2 protein chains.
Amino acid sequence: MSGEQIKRPRGRPRKFDKTVALEIALDLFRQKGFDNTSLEDLTRALDLNRPSLYAAFGNKETLFQEVLQAYISGPSAYFHEVLNEHSCIEMVRKLLIKSIELLFYNETPYGCLVVMSTASEQLQKTGIQQQLVNALQAHQQKLVACFERAKQAGQLKHAADPERLALYVVTLHKGLSLQAINGSSKEALLALVDQVIELWPAATPAAS
Amino acid sequence: MSGEQIKRPRGRPRKFDKTVALEIALDLFRQKGFDNTSLEDLTRALDLNRPSLYAAFGNKETLFQEVLQAYISGPSAYFHEVLNEHSCIEMVRKLLIKSIELLFYNETPYGCLVVMSTASEQLQKTGIQQQLVNALQAHQQKLVACFERAKQAGQLKHAADPERLALYVVTLHKGLSLQAINGSSKEALLALVDQVIELWPAATPAAS
DNA sequence: TTATTAATTTACCAATTGGTACAAAATAAT
DNA sequence: ATTATTTTGTACCAATTGGTAAATTAATAA
């Protein structure tokens, strides 16, 4: 029974698990956005008091950043995973569908962490907002690259403009989050994805 | 010279014009959203003190509602005007283009009043949010009706689903606002509209 | 047992929030 | 002139915000 002995740190042990704390905080931030999630909301949901939270995470902004990291590498990892799809129409489909699944992973649809915090003044003046925008734009550029490759490979209509197409997709992507918050059903949004796919400018196969 | 004599009210005259006050407040709400626009922001921008504002508008929520009414019947009147277009593809184009023009009517793009306030807890618990959502859904239904008529008139592909198409359009519409806030240029967004129009499932003319 | 380390708890802080009481000022009606 | 009416200006309020100081508790290392 000489199990893996975890080397416990020196002082009083933490009452809570940082990882699950981040998950709970994520849910809060997604539901209410950064500004509307108060320290009181956080400490109540995490069942710890303010100094503990500050000792563990610094302050509200740094907490948000940790949450954001967990969000990126966790629930919204699909964001980058889909880039590996071979067919670009399939990539778009997966991107949108996974986004919807994430929005509805809980019965009451949570918003998107990013979208729900776009209006935050605090995130704006601390530069976190800009950091987020940059990440989104980088992702958009990756989409452009994908579409360019797809065009070379003859997957897209020859008139297709990769740049425009990427903007089109990310605009839809963000729009989905607003629709979910504003009461569109999961089914309706999935149907919307079908619509997008049907309209997709895939190269028409050679005349039969 | 017996010009139209304006019957002045009884007491001390107002220092400010309610109409322009609403316009200024609109700009603030559009930039910062409901929650992040403080009473101090408002009174400073309107150059009046709090009691005056409260005497004239009730409180922050009722002020917002008046602003909203002014917004609906003013800058975003296009919202309903475009419904009168004969061609439904032209309607969609106008809807999206006018939306972009509104977002960029000032050099620094303001957000959409609605989108910038989706995360507001205050608007949620006062029911104003729901009221907004209802208005948007009513508008969406009008789009559905338009597309149904267009389909009858042979403007749309016979496989087109008016319901899905309407959701598609409003999702793009809301997405535009987020893109503007997140730094997309007016030109890029206008190009996006072209993209949408090119993909539009218009009925293919009879084979030449 | 004692010292060290790090977390918890309680209590507090300054700043900001939306909102208001009350007196002074400006106008019209008498 | 006086009164009635309405808005303005000053000063204030309770509640909430993000954040912290200091003492206490729980663990390990000596």
Side-chain angles (χ1 to χ4, degrees), chain A residues 4-22 25 28-29 32-67 117 119-129, chain B residues 5-22 24-25 28-29 32-67 117 119-129:
Chain A
E4 197 67 33
Q5 200 67 16
I6 308 125
K7 172 75 172 164
R8 300 180 72 174
R10 199 73 147 64
R12 178 172 177 170
R14 275 234 181 78
K15 190 185 161 192
F16 63 99
D17 181 341
K18 239 183 131 175
T19 312
V20 311
L22 283 176
L28 274 178
F29 281 135
K32 315 177 44 145
F34 182 80
D35 288 334
N36 282 315
T37 304
S38 68
L39 267 288
E40 176 135 2
D41 290 333
L42 287 165
T43 52
R44 196 178 339 108
L46 302 183
D47 188 33
L48 45 82
N49 39 37
R50 234 164 283 192
S52 298
L53 197 154
Y54 275 81
F57 298 104
N59 62 11
K60 205 184 166 188
E61 277 104 33
T62 50
L63 167 62
F64 183 84
Q65 280 180 304
E66 284 208 42
V67 165
S117 298
S120 163
E121 253 199 335
Q122 209 57 31
L123 291 184
Q124 257 156 30
K125 67 177 144 197
T126 51
I128 300 179
Q129 190 66 43
Chain B
Q5 199 67 17
I6 307 128
K7 171 76 172 166
R8 299 181 73 174
R10 197 81 144 56
R12 178 172 178 171
R14 273 233 183 79
K15 190 186 161 191
F16 63 99
D17 182 341
K18 242 184 129 173
T19 312
V20 311
L22 283 176
I24 299 176
L28 274 177
F29 282 134
K32 316 177 40 146
F34 182 80
D35 288 335
N36 281 315
T37 304
S38 69
L39 266 289
E40 177 135 0
D41 290 332
L42 287 164
T43 53
R44 197 176 341 105
L46 302 183
D47 187 32
L48 46 82
N49 39 37
R50 235 166 281 195
S52 298
L53 198 155
Y54 275 81
F57 298 104
N59 62 12
K60 204 183 167 189
E61 277 105 33
T62 52
L63 167 62
F64 184 83
Q65 280 181 304
E66 285 207 44
V67 166
S117 298
S120 163
E121 252 199 335
Q122 208 58 31
L123 291 183
Q124 257 156 29
K125 67 176 145 197
T126 51
I128 299 180
Q129 189 67 42

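Here the structure is a predicted model, which means the values were calculated and not measured. Chain identifiers are assigned alphabetically (A, B, ...) following the order of the sequence lines, protein sequences preceding nucleic acid strands; residue numbering begins at 1 within each chain.
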request  = Kindly write out the residues that satisfy side chain to side chain donor-acceptor pair (under 3.5 Å) with N36(B), not counting sequence neighbours, or none if the list is empty.
outcome  = D35(A)
ask   = Quick one: how far along DNA chain C does chain A reach, first to last nucleotide 5' to 3', anything under 4.0 Å to a heavy atom?
value = dT4(C) to dT10(C)
ask   = Atom CD in Q122(B), atom CD in Q129(B): separation rounded to 0.5 Å?
value = 11.5 Å
query = Residues two or more places apart in sequence or in another chain: which of them pass side chain to side chain donor-acceptor pair (under 3.5 Å) with E121(A)?
reply = K32(B)
Residues within residues 32-48 of chain A bordering DNA chain D, heavy-atom distance below 4.0 Å = T37(A), S38(A), L39(A)
key: With sequence neighbours excluded, residues passing side-chain contact (heavy atoms from CB on, under 4.5 Å) with R12(B)   = none
query = Once you round to the nearest 0.5 Å, how far does CZ of F64(A) lie from CG of L28(A)?
reply = 12.0 Å
task = Figure out the CG/P separation between L53(A) and dT20(D), and round it to whole Å.
result = 12 Å
Donor-acceptor pairs are to be reported for all side-chain atoms of residues 55-63 of chain A against protein atoms at under 3.5 Å, with residues two or more places apart or in another chain.
| residue | atom | partner | partner atom | Å |
| --- | --- | --- | --- | --- |
| N59(A) | OD1 | E61(A) | N | 3.3 |
| N59(A) | OD1 | T62(A) | N | 3.0 |
| N59(A) | OD1 | T62(A) | OG1 | 2.9 |
| K60(A) | NZ | F34(A) | O | 3.0 |
| K60(A) | NZ | T37(A) | O | 2.8 |
| T62(A) | OG1 | F57(A) | O | 2.5 |
| T62(A) | OG1 | N59(A) | N | 2.8 |
| T62(A) | OG1 | N59(A) | O | 2.9 |

request  = Output the residues of residues 54-63 of chain A in contact with DNA chain D, where contact means a heavy atom of the residue under 4.0 Å from an atom of the strand; sort by number or write none.
outcome  = Y54(A), N59(A), K60(A)
note = The side-chain contact (heavy atoms from CB on, under 4.5 Å) partners of N49(A) (sequence neighbours excluded) come to P51(A), S52(A)
key: Step-by-step side chain to side chain contact (heavy atoms under 4.5 Å, CB included) determination, L39(B) to Y54(B)   = CA-CA 10 Å; L39(B) 266 289; Y54(B) 275 81; 3.5 Å; yes
query = Can you tell me how far the CD1 atom of I128(A) sits from the CD atom of Q65(A), to the nearest 0.5 Å?
reply = 4.0 Å
query = Nearest heavy-atom pair of A21(A) and L46(A): which atoms, and what distance?
reply = O-CD2, 3.5 Å
query = Which part of the nucleic acid does P9(B) contact within heavy-atom distance under 4.0 Å: base, sugar-phosphate only, or nothing?
reply = sugar-phosphate
Atom pairs, N/O to N/O, protein against nucleotides 23-26 of chain D, distance under 3.5 Å?
| residue | atom | partner | partner atom | Å |
| --- | --- | --- | --- | --- |
| dT25(D) | O2 | R12(A) | NH1 | 3.2 |

ask   = If only side-chain N and O atoms of R14(B) are considered, is one of them under 4.0 Å from the OP1 or OP2 phosphate oxygen of dT7(D)?
value = yes
request  = Go through the structure and list residues passing side chain to side chain donor-acceptor pair (under 3.5 Å) with E66(A), not counting sequence neighbours.
outcome  = none
request  = Identify, with sequence neighbours excluded, every residue that meets salt bridge (Lys or Arg N to Asp or Glu O under 4.0 Å) alongside R44(A).
outcome  = D41(A)
